[in-house]
Amino acid sequence: MFALLDCNNFFASCERVFRPELAKTPIVVLSNNDGCVIARSQEAKALGIAMGAAVHLVRPLIQRYQVRVFSANFELYGDLSNRVFSLLQESLSPKAVEIYSIDEAFLDLSMLEPRLLVDFCQELRRQTHQWTGIPVSIGIGQTKTLAKVAAGLAKKNAYKPNPSTHSGVFSLATLPCHNDSQDSILAQVPVQDIWGIGFRLTPALQGRGIQTAYDLKYADDAVLLKRYGSTLLRTVWELRGTICYPLKTTCSVRKSIVCSRSFGQMVESFTDLMQAVATYTARASEKLREDGLQAGCITVSIRTNRFRPDEKQYRASHSIRLPVPSDDTPTLIQAARQCLEHIYQHGFLYHKAGILLQELTLLSARQQDLFEVPSEHSAVLMKTLDKLNRHHGHGSIRFASEGLTRPWWMKQSHRSPCYSSRWEERPRIQVQAL
DNA sequence: TCTGGGGTCCTAGGACCC
DNA sequence: TCTGGGGTCCTAGGACCC
């Protein structure tokens with residue numbers, strides 16, 4: 001038996017944890033560079049501010065309803081996310097929790113008697129809110145896909161005008177999978193709300209008369225497999241109660257690391273562009289070392305602003321395979337420079353750059369190279385660098401190639417403090433003497 | 001003026017092998 | 001008129017997720 005615990009309006013809820021006076025205020029959180037809306041509080045959703053909306057398009061709504069605007073603060077969200085998941089792992093067991101994303105976790109509840117499931121989840125929900133300040137919804141189902149469907153329904157119930165005490169938890173598991181009442185619930189769920197059905201599949205399925213989760217559950221396997229592949233078929237089987245996606249608790253080694261950002265202002269020169277690429281490479285290398293990995297391949301990509309069709313457009317990327325896998329920032333920056341030299345074209349206004357590290361291997365399982373000259377010096381230097389940056393914040397110690405003034409740096413005009421992860425930004429309490 | 005960032009998995013097709 | 005069959009590996013592109 002699976003449950004999906006989903007944090008409600010997560011980024012907006014995080015902003016409220018340390019600003020309780022904003023409990024009823026509409027809130028939006030913006031993407032890096034303050035470009036578009038990536039999270040909304042319930043009040044902001046009710047105002048009709050769409051997910052992903054460009055800020056300049058919803059500015060009138062923001063001003064009219066005095067919506068509180070925040071720049072994304074992923075350090076804060078990551079820290080609160082860890083607190084929520086630690087609590088789950090303590091309440092259940094680390095082996096029963098799969099951290100699926102920054103704000104969601106699948107839980108294996110097969111150790112509980114079915115009649116206790118809902119009460120257990122209610123208690124978990126209450127405790128999470130009390131201990132972390134984050135409101136959550138929980139869905140229960142025989143498979144992950146059904147638990148996801150249930151979580152969606154739980155969230156809807158939680159924000160009804162008069163939520164009942166049982167809102168915020170929804171179980172599909174108290175009903176057998178081929179029961180009419182479970183089917184009647186699935187018949188209310190639009191096909192695009194199912195986990196795994198995206199914006200491409202939705203119109204294709206609708207064109208075949210598949211409008212709801214119920215329609216998909218009873219669709220023809222052979223047709224779906226031939227036309228759409230095995231991934232969709234797994235989703236269908238999960239709707240029928242057959243587990244195709246077991247709980248993944250061992251954290252698998254990741255396969256790529258990306259660092260890409262759009263610029264605060266357009267960049268034209270090679271020097272400025274290289275500064276950005278060096279900065280992103282340094283950040284990605286840091287992540288690489290955090291996970292004890294080395295990269296065998298690096299890709300650099302650059303592009304102009306695709307939203308300005310009247311300007312000359314250009315996009316390109318180039319990859320280099322390193323002679324020996326590396327986690328050394330200078331080595332990777334050097335390779336990134338070669339990539340950029342390969343694709344840079346003078347005369348364009350660049351809007352975004354990114355780097356991608358691939359062919360990641362564990363440092364502990366590295367293949368020795370016959371001609372390699374091992375450098376212990378590098379390992380010590382990188383370790384020291386990471387320690388300093390962990391303690392004083394990202395980018396406190398940088399490579400000169402990352403630049404000093406950095407005019408291209410992203411805009412973050414409304415970032416809240418990292419209340420819970422930086423000493424100098426911790427909340428202050430003023431006590432007034434009576 | 002202003003439109004995100006970081007991931008995974010699957011499939012088709014080409015290149016190559018014997 | 002007719003031009004093998006079976007296999008692996010790699011890559012690009014497309015789909016999805018949050």
Side-chain angles (χ1 to χ4, degrees), chain A residues 4-11 28-39 49-60 62 69-74 77-78 81 98-106 144-145 148 151-152 191-205 224-235 238 244-245 248 251-266 280 283-284 287-288 291 297 299 301 303-311 317 319 321 349 351-360 410-414:
Chain A
L4 178 78
L5 179 139
D6 191 346
C7 301
N8 298 346
N9 313 323
F10 183 55
F11 298 165
V28 294
V29 178
L30 307 184
S31 60
N32 279 339
N33 229 8
D34 292 344
C36 56
V37 174
I38 57 167
I49 298 176
M51 180 66 170
V55 176
H56 65 277
L57 296 178
V58 291
R59 184 86 64 202
I62 289 175
V69 174
F70 289 92
S71 303
N73 182 349
F74 288 105
Y77 311 151
S81 167
E98 174 189 336
I99 298 169
Y100 174 66
S101 73
I102 194 165
D103 68 339
E104 284 172 76
F106 286 106
K144 282 184 177 177
T145 303
K148 274 278 223 181
V191 74
Q192 65 268 29
D193 288 359
I194 301 168
W195 186 43
I197 311 298
F199 81 109
R200 292 273 186 194
L201 276 172
T202 299
L205 293 173
L224 294 180
L225 178 64
K226 187 161 187 293
R227 190 74 190 79
Y228 307 106
S230 58
T231 314
L232 179 63
L233 204 59
R234 275 196 277 267
T235 298
E238 285 242 318
C244 299
Y245 300 108
K248 280 197 288 188
C251 55
S252 50
V253 175
R254 64 161 128 195
K255 294 170 180 167
S256 63
I257 294 175
V258 173
C259 185
S260 69
R261 307 246 188 290
S262 39
F263 304 134
Q265 62 184 63
M266 295 294 181
Y280 304 161
R283 178 73 190 114
K287 288 190 204 167
L288 198 60
D291 288 4
C297 180
T299 305
S301 56
R303 69 177 309 160
T304 51
N305 192 343
R306 66 198 164 105
F307 295 104
R308 291 188 185 172
D310 44 320
E311 284 176 8
S317 69
S319 307
R321 185 161 276 150
L349 291 172
H351 175 243
K352 184 175 179 176
I355 79 116
L356 167 67
L357 300 178
Q358 285 174 297
E359 295 180 11
L360 308 185
M410 62 186 172
K411 285 181 223 154
Q412 282 184 305
S413 319
H414 316 282

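The structure displayed is predicted, hence computed values, not measured ones.
- Across A:A284 and A:C259, no two heavy atoms sit closer than the pair CB-CB, 4.3 Å.
- Distances shorter than 4.0 Å separate none of the side-chain N or O atoms of A:S262 from OP1 or OP2 on B:dT3.
- Below 30°, between 30° and 60°, or above 60°: for A:F263 and A:Y280 the angle between ring planes is below 30°, a parallel geometry.
- Scanning for side-chain hydrogen bond (donor to acceptor under 3.5 Å, both in side chains) contacts around A:Q412 gives an empty result, with sequence neighbours left out.
- By the salt bridge (Lys or Arg N to Asp or Glu O under 4.0 Å) test, A:K148 is found to be paired with A:E104, residues two or more places apart in sequence or in another chain being considered.
- Geometrically, A:K144 does not engage A:Y245 in a cation-pi contact defined by less than 6.0 Å to the ring centre and at most 45° from the axis.
- A donor-acceptor contact closer than 3.5 angstrom links the side chains of A:T299 and A:S319.
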Tabulate protein N/O versus nucleotide N/O from nucleotides 8-16 of chain C, keeping only pairs under 3.5 Å, one per line.
from   : atom 1 : to     : atom 2 : distance (Å)
C:dA15 : OP2    : A:R200 : NE     : 2.8
C:dC16 : OP1    : A:G198 : N      : 3.0
C:dC16 : OP1    : A:G198 : O      : 3.3
C:dC16 : OP1    : A:R200 : N      : 3.3
C:dC16 : OP1    : A:L201 : N      : 2.8
C:dC16 : OP2    : A:R200 : N      : 3.1

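- Looking at heavy-atom distances under 4.0 Å, A:Y228 makes no contact with the nucleic acid at all.
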Q: Would you sketch DNA chain C in dot-bracket for me? Only Watson-Crick or G-U wobble pairs with both distances under 3.5 Å count, crossing pairs as [ ], other-strand pairs as |, the rest as dots.
A: ....||||||||||||||
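- Closest to the side chain of A:V258, out of B:dG5, B:dT3, B:dG7, is B:dG7.
- Residues passing the side-chain contact (heavy atoms from CB on, under 4.5 Å) test with A:I38 are A:F11, A:V29, A:S31, A:A72, A:F74, sequence neighbours excluded.
- Phosphate proximity of B:dT1 to A:K411: absent, as no side-chain N or O sits under 4.0 Å from OP1 or OP2.
- Note on A:R254: a side-chain N or O is less than 4.0 Å away from OP1 or OP2 of B:dG7.
- Among the heavy atoms of the strands, none lies under 4.0 Å from A:R283.
- In this structure, A:D6 atom CG and C:dC18 atom C1' are separated by 10 Å, rounded to whole Å.
- Taking A:K255 as the reference, nothing meets the side-chain contact (heavy atoms from CB on, under 4.5 Å) condition, with sequence neighbours excluded.
- Between the CG atom of A:N305 and the C1' atom of B:dT1 there is a distance of 11 Å, given to the nearest Å.
- If you check every strand for non-hydrogen atoms under 4.0 Å, A:I257 touches sugar and phosphate atoms only.
- Separation of the P atoms belonging to B:dC17 and C:dT3 is 24 Å when rounded to the nearest angstrom.
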